[in-house]
Amino acid sequence: MTNATTAGGAATRVCVLGNSHVGALKLAYDADPSLASRMRLTFFAARGDEMRHLRLRDGRIEASTPLLEHSIRHTSGGLSEVDPQAYDAFLVYGLELRIQPPADGFFSRAVREQTARDAAAKTAGLFAVELLGEAGAAPVFVGLGPSPAAGESTALGRDPGYAAIFEALNAAVFAPLGVELLGQPEETFADGWRTDRRFSIGSRRLDVGDEASNELHPDNDSAHMNEAFGRIWLQAFETRLRGLRAVTSAAK
Amino acid sequence: MSGQSAHPYEGLPSSAFWKTAVSNVGMFDIRDVWVPKFPISPKHKVATFGSCFAQNIGGALRDRGYSWLISEEAPRAMSRESRKRFNYDVFTCRTGAIYTCTLLRQWISWASGETSPPDEIWERDDRFIDPFRPRIEPGGFDSRDELMQSRTVAIEAFRHAVEKANVFVFTLGLTESWWNTAGGYEYPLCPGTVAGEYSAARHGFRNQSFGDIRQSLAESVDRLRRLNPKIRVLLTVSPTPLTATASGRHVLAATMLSKSVLRAVADDVANHTRDVDYFPSFELVFSPPFRATFFGPNMRDVTAQGVDFIMTTFFDAQAAAFGDAARPGAPAPERRPRSAREDLACEERLLEAFGGE
């Protein structure tokens, strides 16, 4: 099992598995060399649900389709497989995992948690988490994909109900697996459950080395976020990693 | 024949005679067991409540493209298996099984605001169980507050269902019932069996009579109509035998008594109340021509084939009476032509009536 290390202040090596939503993080990471001095992110990503074609073989995670192999080789800068030993931490980002506003009406805690389990069970994200678990990868973080952008944002801020759903999802699905769930940073919210529209404007398609790479998403795409969003998210993640490094260092 | 006067049995259709309608035809060729009083079409909102057997009806309606009314929705992302486990999409809302007509009257009374549900709550292993819906959540509720909120939601959903439904299907299940004698309210299950604590001082058993049940059913229909004057009611009797009886009789005898009383009540209320009909699901499973074919090995559970046969009979009867609902405006389907053998049997029966050898 791989653990985060402090290793004399060396950057934490993080393996990132994700879908098109990871594009915002990658854009922000590639644009800010200072981030790389603190955390070295290697992205293994593909658009759509292509990441469902990952598999475990001989202790390494690899692609089982040519399309996926092409994508992850491009996003990782040349690697075609994940060697769990080569990383200090793992991040699963997006991959159909996100929080939806609650349905109208009252539901018991047991119903909410069962619903969270049922929703997560179908996702590529949980598939990736379980694959990492089989590979002995740790620690694993799960970053929820962004909430869709608001139309014209009227009020900044996150609905207090978000925390309850986050807790239900964490309790029902991720805590039992020993992974840490990371929510969307509060300052990116508007209208309670949506992402502030300014973080969606100018979003670009994940660069997987094809013709559509880095194209601007259409104006009516409210699902994908831009580099500014990615920067805020990575700053929060880096803070969390710093806390992990401090704990690991204290333990030594 | 000279000297013999006409009598009421002459001219009756073949369906009036056991020989031509039952013993001389195959089990699956028995026809016209039900001639519905009113149409139930895919556009009608149908609410379903009652004993465990009633669970089969809603899903069958939905599978055939009918509008099964659900007034208490599960969260969208909840899987089908989880919904069943948490009792969503089992009845129209999460009342749990309503086994008796007195329980039905009790639910209607709560929904209309005429009475309030009691405060009684059962506890088991630090979990909270609703005495009126003891299995509604597999592990019970976290707290009394959570239980009460859930119960309030169900009562409101029940009211909403009654107000919105075009047809209210109720399956009568039991005559045997358990009561809180001081409070005068009924439990769906005897306290102490699933949870709670049985006390002979506080709890009473009643094997309700024809008169009791007839009155509570008539009152229930009347109160349903106060909430929804246009609602139509379709009654059925569950063919599922009793799991157990507290009557002191053998369970077989107790089952027959129970089903007989319920069948008689349903018939009497349907015959004397406008817009109330009875569908013979009980007969289709329980009566001799079907030879217990639709019971599973335990001679109690109705098989999937049995449910399918019942619902097919239901839809075929509707189509025969009112036309094929799947094709609005289409003419009633042609009846299956009688075989030569059937015609012969009919003539033979006529010969018997005239004393011919």
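Every chain is numbered from 1, with letters handed out A, B, ... down the list of sequences.
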Kindly compute the distance separating [atom1] ([X]) from [atom2] ([Y]), expressed to the nearest 0.5 Å.
X      : Y      : atom1 : atom2 : value
A:D49  : A:N19  : CG    : CG    : 9.0 Å
A:L181 : A:L97  : CG    : CG    : 8.0 Å
A:D191 : A:D159 : CG    : CG    : 10.5 Å
A:R194 : A:S147 : CZ    : OG    : 8.5 Å
A:W193 : A:I99  : CH2   : CD1   : 7.5 Å
A:L95  : A:L144 : CG    : CG    : 11.5 Å

Worksheet item: Are A:V140 and A:F174 side-chain neighbours, meaning at least one heavy-atom pair lies under 4.5 Å?
Response: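 When only atoms from C-beta onward are counted, A:F174 and A:V140 do not touch, as no gap falls below 4.5 Å.
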
Item to complete: Apply the test side chain to side chain contact (heavy atoms under 4.5 Å, CB included) to residues A:K26 and A:L41: give CA-CA distance (whole Å), side-chain angles for both, the deciding distance (0.1 Å), then the verdict.
Response: CA-CA 9 Å; A:K26 192 168 188 305; A:L41 305 185; over 6 Å; no

Worksheet entry | Neighbours of chain B found in residues 227-234 of chain A - heavy atoms under 4.5 Å |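 Within residues 227-234 of chain A, near chain B: nothing under 4.5 Å.
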
Item to complete: Start with the C-alpha gap between A:S71 and A:E50, add the side-chain angles, then the distance that decides, and say whether side-chain hydrogen bond (donor to acceptor under 3.5 Å, both in side chains) holds.
Response: CA-CA 9 Å; A:S71 284; A:E50 197 58 32; over 6 Å; no

Are there any donor-acceptor pairs closer than 3.5 angstrom between chain A and chain B, and if so, which ones?
unit_1	atom_1	unit_2	atom_2	d
A:S108	OG	B:E137	OE1	2.8
A:S108	OG	B:E137	OE2	3.0
A:R109	N	B:E146	OE2	2.8
A:R109	NE	B:D142	OD1	3.3
A:R109	NE	B:D142	OD2	2.5
A:R109	NH2	B:D142	OD1	2.8
A:Q114	OE1	B:R85	NH2	2.9
A:Q114	NE2	B:S82	OG	3.1
A:D118	OD1	B:S82	OG	3.2
A:D118	OD2	B:S79	N	2.9
A:D118	OD2	B:S79	OG	3.2
A:D118	OD2	B:S82	OG	2.7

